[in-house]
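The residues of the chain are indexed from 1 along the displayed sequence. Keep in mind that the numbers below use all heavy atoms, side chains included, and drop hydrogens, waters and symmetry copies.
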Amino acid sequence: MAVAEESHFGRAAARLGMAQPPLSQRIQRLEKELGVRLFERTSRQVAITEAGTLLLAEARELLARSESFRAAARRIRAGETGLLRAALAPDISGETVAALLADFRRRRAGLELELHELSTAEQLAGFAAHELDVGLIHHPCDVTGLELGPVLRRDLGVLLPRGAAQAELDEVPLASLTGYDLVLFPRAGAPAVYDDLLTACARGGYTPAAVRHGQGASFVRGLVLSSGAVALGPRDTQLAAPADGDLVWRPLAGAPLAWRHSVAWPRGRGDAAVAAFADAATHALRTAAGARSEEPARPLHLRPASEFWL
């Protein structure tokens, strides 16, 4: 294009910021590759051939498409467009999810967000299989190979039948729950969190008579209402404000138990889109879920068991 428009190798080379001999060699290679002569050369001027004239429009279109391709790549790199595969833990409330999505759309309106509800174990498997770009995980877990955002803490309370004696208290001591079964999420979803929660309950004087497993809010409420059980969860979960009014949520005395979260993504694969999701998730947890900052998480295999505290 430059040679055709300048009709002079020297001026075209100066316009392209290169020496004249390499430009002449490139034109010769292009002519050989295409099998047509693009320019007639004399000692004084360069004239485009008929074949060159016919191909010039195609060349301009190719260069325009090339710039469009590069611009699209720049937008993807900047997190302005593309697809982000993200996940949240099942215990995140609807209000928190809505706040996260609204904040993320404000930060990255042109980016498509594919959001999944996955347990921590499922998210870790997704990272390993390169099927997930970013997620909100529970600690403790093995974070080897991951980068983490701030660790946020959500204090847990207890869901009780309204007629239980502990429902009359402003804060419920763990030890007072002795005799109740405990409704807990399935262990496979976050084994280390599950085990540490039961250990922390025992340290606080509460060893459940039995552990029942449930995850959906309606199912868990049904177990608490009908089977002499209690459930643990933060204030912002659906469990904390059941619509039927037969259950109440109370904070635990001394706040001995908590969910601990952070946004995680594969090491070295964070970009502007991941950063936008991390910022939106952290902001939503703080504002909609009442989470507060805690010390940064470290890889599980580097932490002694005595350091884990839910």
Side-chain angles (χ1 to χ4, degrees), residues 1-87 103-115 126-135 143-150 263-282 296 299:
M1 276 180 56
V3 174
E5 292 170 357
E6 298 292 342
S7 297
H8 193 280
F9 273 98
R11 291 194 297 270
R15 171 175 159 182
L16 295 170
M18 62 187 300
Q20 181 175 333
L23 176 59
S24 298
Q25 293 167 8
R26 289 193 184 187
I27 292 294
Q28 290 171 3
R29 288 199 299 270
L30 183 59
E31 288 177 324
K32 183 177 180 180
E33 180 183 346
L34 297 176
V36 297
R37 191 170 183 82
L38 300 174
F39 298 99
E40 297 290 349
R41 303 160 177 84
T42 68
S43 58
R44 293 190 175 185
Q45 66 177 5
V46 177
I48 191 167
T49 65
E50 182 179 355
T53 300
L54 292 173
L55 291 173
L56 183 59
E58 295 282 349
R60 288 194 171 103
E61 183 179 344
L62 280 174
L63 286 177
R65 290 177 63 187
S66 173
E67 178 53 35
S68 175
F69 180 85
R70 293 175 183 275
R74 288 193 295 270
R75 289 194 298 272
I76 293 171
R77 186 170 63 247
E80 297 173 359
T81 188
L83 172 67
L84 184 68
R85 301 166 301 174
D103 194 5
F104 183 81
R105 282 194 294 267
R106 180 181 60 80
R107 296 171 187 269
R108 288 290 184 268
L111 191 67
E112 181 182 352
L113 180 64
E114 182 182 281
L115 189 60
F127 289 136
H130 307 290
E131 297 173 349
L132 194 64
D133 300 312
V134 63
V143 296
T144 304
L146 299 178
E147 295 184 51
L148 303 175
V263 177
W265 59 94
R267 180 168 295 139
R269 293 172 59 191
D271 55 20
V274 167
F277 182 88
D279 289 344
T282 300

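Considering all non-hydrogen atoms of both residues, Phe9 and Leu23 come closest at O-CD2, 3.7 Å. Contact between Glu147 and Pro266 at its shortest, heavy atoms only, is OE2-O, 4.2 Å. When all heavy atoms are compared, the tightest approach of Ala281 to Val263 is CB-CG2, 3.7 Å. When all heavy atoms of Leu113 and Ala86 are compared, the pair lying nearest together is CD1-CB, 3.8 Å. What you find for Ala272 and Arg108 is that their closest heavy atoms are CB-NH2, 3.5 Å. Nearest heavy-atom pair, Ala4 versus Ile48, reported as atom, atom and distance to 0.1 Å: CB-CD1, 3.8 Å.
Remark: side-chain polar atoms of Glu40 are not paired, donor with acceptor, to backbone N or O of Ala47 under 3.5 angstrom. Distance alone, capped at 3.5 Å, is enough to place a donor-acceptor pair between the Thr282 side chain and the Ala278 backbone.
With rounding to the nearest 0.5 angstrom, the CG atom of Leu56 is 10.0 Å from the CD atom of Glu58. Note that CG of Leu55 is 10.5 Å distant from CD of Glu50, once rounded to the nearest 0.5 Å. In this structure, the separation between CZ on Arg267 and CG on Leu148 is 8.5 Å, given to the nearest 0.5 Å. Annotation: the span from Glu112 atom CD to Arg85 atom CZ amounts to 11.5 Å, rounded to 0.5 Å. Atom CD in Glu6 sits 14.0 Å away from atom CD in Gln45 (nearest 0.5 Å). Rounding to the nearest 0.5 Å places CD of Glu5 at 4.5 Å from CZ of Arg60.
The shortest side-chain heavy-atom distance between Phe127 and Val143 does not fall under the 4.5 Å cut-off. Arg269 is not listed as a side-chain neighbour of Val274, based on a closest heavy-atom distance of 4.5 Å or more. Contact check for Asp133 versus Phe277: no side-chain heavy atoms found under the 4.5 Å cut-off. Side-chain contact between Thr49 and Glu31 is absent, with no heavy-atom pair separated by less than 4.5 Å.
Surrounding CZ of Arg65 are at most 12 heavy atoms belonging to other residues, nucleotides or ligands under 6.0 Å away.
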Inset, instruction - Could you walk me through whether Arg41 and Ile27 pass side chain to side chain contact (heavy atoms under 4.5 Å, CB included), step by step? - result: CA-CA 12 Å; Arg41 303 160 177 84; Ile27 292 294; 3.1 Å; yes
